[in-house]
Number of protein chains: 2
Amino acid sequence: MIMWISGVIDSLLPPYLRHENISRITSDGIFITDRRSLPFKEEEVFCHDYAEAAVAIKEMVTQGGGPLEVALNTILFTYRKDPSLLDKAVFSLSAARPTNTTMKRELEALMKEYRAGGDIEKLIPAAFERYDKLYDRISDVGESLIEDGDGILTTCFPEHTFMLSVRKAVLKGKHVSVFVPETRPYLQGAHLTEPCLRAMGIECFLITDGMAAHFMREGRITKYMTASDLALEDRTVVNKTGTLGNAIAARYYKIPYYAFSLGLDKGKTHDDIEIEYRSGESIKRIGDVQIASEEAVALYPCFDIIDSELVTGIITDGGVI
Amino acid sequence: MIMWISGVIDSLLPPYLRHENISRITSDGIFITDRRSLPFKEEEVFCHDYAEAAVAIKEMVTQGGGPLEVALNTILFTYRKDPSLLDKAVFSLSAARPTNTTMKRELEALMKEYRAGGDIEKLIPAAFERYDKLYDRISDVGESLIEDGDGILTTCFPEHTFMLSVRKAVLKGKHVSVFVPETRPYLQGAHLTEPCLRAMGIECFLITDGMAAHFMREGRITKYMTASDLALEDRTVVNKTGTLGNAIAARYYKIPYYAFSLGLDKGKTHDDIEIEYRSGESIKRIGDVQIASEEAVALYPCFDIIDSELVTGIITDGGVI
């Protein structure tokens, strides 16, 4: 069972983002909530060991901030079973999602402390607590930017920092509504963001990916806030496909665009950004349903680069940059 | 059987847009190709009379320019069966799709000529020929705007004028590729536009509705061209949801945006534009597949208003306005 006490941050979050609903360990293995079947089925994938957990991460059982929590839990489970396997576990987990640099960095720092005599039983709960506190500080900054009456557009699944910002704003008595693009092809907006907001009692509207400009023109969207997969020091943001078009529309209608970041990617430049193209086949299907001709050529650039002139500010635990 | 000779325009069009593939009549009734099941199944809906044809139009068996062709064929069929039913037929057909002002205007003009002694057997083929010639002239203008090497973005299903423009450009030896957003919720881009372009041998790429800005930023999209549901004299355009966001992105990247129009809506103003909201339920489903929680609130504004400062030009048979 989970060894640390979930703090106030965990209780403020929507159920999908609470620690035990992302992953948990028992003496038998690692349980990972399968985000691929949310919101229709709440199922866990069971992994006997780190190797199976790495495969689950690779197969997108969880995504966004999920792999980091799975990895931390998997390290704790592996340590309890056989500490001699820890290096192999770190290697497998890091290799399972090469673009998730936060997970890799976190696991390497953890192993460094362990080798210097740290206790894994204490280091893992401390890591979770550190992230909770980081989310708390960042969402204080996010909350301060939200005004009473705001209609906030997002894109994809902005997870802890955005959800906590909106929740805190509402708890302070601000009336807020959120516009959620479905985010094709994987539909994270429809499958994760909308159910999370609704579970927190936040007014939210599901729209298609082409509709945000319409609601900006009507004055119903007054802020644009997303997560970021990468944020450079010059304020260039990399985030899920669809983020760029909305940022341009926001600029056109003089609506501020803020991206949340757990930490700027210091020292990185535009040359380090490589936009991954995934198979266009995922565009030709929705789940098992074919929506385009088999012969169609579909393109799927996963991420957008949002140039700094389109970014009003990056929300970090140190304030708005 | 169809009485008129399809001209060169019909042969240049992709199969889905050829007259006999939109609708046809026999001595028994009216056949309408069911666009709802394209491109997966090529099926016709059979209607015994004008009343059934009106129901088929109402139920979206065909859309875009389809209802006009069905209505013309239905008038010819009705005339042959019982000319005394013509007024009722015109009323039923016009009421089946109140937003389709072209169909209503055309049927009223036709009846005026008929009452003045015109022969329906000649008036109907003449009406088809008039549209073919109109498409021909407009697409000459459209073709002249396309340059060798262009990557053209569209939105939704731009039908005859756009398809002919691109076809003519390619026949003149220009290399052209087209980027086709799938156009949620009804997926006209994936179901109709992409198969039409591919059938004409035009290089085309299916993308999701949030991806156009990415390809503009990369320089792969160099023109933006759509149809228009309405075009005011001040160059304001009304077109399917998603058109506005792409027009704003085009402006940001200095890419020209042209809308095709069969004729400006003279005398109409912004006050005449009412944006129809359809049921959000169609956003929560793709065909029979549920993609969002039953409890989600989805919004579906059908059309976008594209303000004139975003419109480079309107392509009409009289040239670019």
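Order of the sequence lines fixes the chain letters, A, B, ..., with proteins taken first and strands second; residue numbering starts at 1 for each chain. Predicted, not measured: the structure shown is a model, and the values here were computed from it. Hydrogens, waters and symmetry mates are skipped; everything else that's a heavy atom, side chains included, is used.
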Legend entry - More than 12 heavy atoms from other groups under 6.0 Å of CD on A/Glu42: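 Not buried by this count: 12 neighbours or fewer within 6.0 Å.
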
So which residue, [options], ends up with the most heavy-atom pairs under 4.5 Å with chain A?
options	answer
B/Leu38, B/Ile306, B/Leu187, B/Leu244	B/Leu244
B/Thr243, B/Leu197, B/Asn246, B/Ile286	B/Ile286
B/Lys240, B/Met211, B/Glu194	B/Met211
B/Tyr252, B/Tyr300, B/Phe205	B/Tyr252
B/Gly245, B/Pro39, B/Ser293, B/Ala249	B/Ser293

Inset, instruction - Pick one of side chain, backbone, both or neither for B/Arg184, based on which atoms fall under 4.5 Å of a heavy atom in chain A. - result: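 Looking at B/Arg184, backbone and side chain both touch chain A.
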
Inset, instruction - Check whether B/Val289 gets within reach of chain A through its side chain, its backbone, both or neither, counting any heavy atom under 4.5 Å. - result: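 Only the side chain of B/Val289 comes within 4.5 Å of chain A.
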
Find the one option among [options] whose heavy-atom pairs under 4.5 Å with chain B are most numerous.
options	answer
A/Thr155, A/Ile207, A/Val180, A/Asp307	A/Asp307
A/Arg217, A/Lys284, A/Glu294	A/Arg217
A/Glu295, A/Arg251, A/Gln290, A/His191	A/Glu295

Over all heavy atoms of both residues, which pair between [X] and [Y] is shortest? Give the atoms and the distance, please.
X	Y	value
A/Ala292	B/Leu206	CB-CD2, 3.6 Å
A/Arg220	B/Leu299	NH2-CD1, 4.0 Å
A/Asp209	B/Gly210	CB-N, 4.0 Å

Legend entry - Side-chain touch B/Ile283/A/Thr208, heavy atoms, less than 4.5 angstrom: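 The answer is yes, as the side chains (C-beta and beyond) meet within the 4.5 Å cut-off.
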
Inset, instruction - Report yes if some heavy atom in the side chain of A/Met216 is under 4.5 Å from a heavy atom in the side chain of B/Ile248; otherwise report no. - result: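 No. Closest side-chain heavy atoms not under 4.5 Å.
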
Inset, instruction - Examine distances only and state if a side-chain atom of A/His214 and a backbone atom of B/Gly242 form a donor-acceptor pair shorter than 3.5 Å. - result: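 Not at all, since once roles are kept as given, no pair shorter than 3.5 Å links the two residues.
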
Inset, instruction - Could you tell me which portion of A/Ala212 (side chain, backbone, both or neither) has an atom closer than 4.5 angstrom to a non-hydrogen atom of chain B? - result: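 For A/Ala212, there is no contact with chain B at all, as no heavy atom is under 4.5 Å.
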
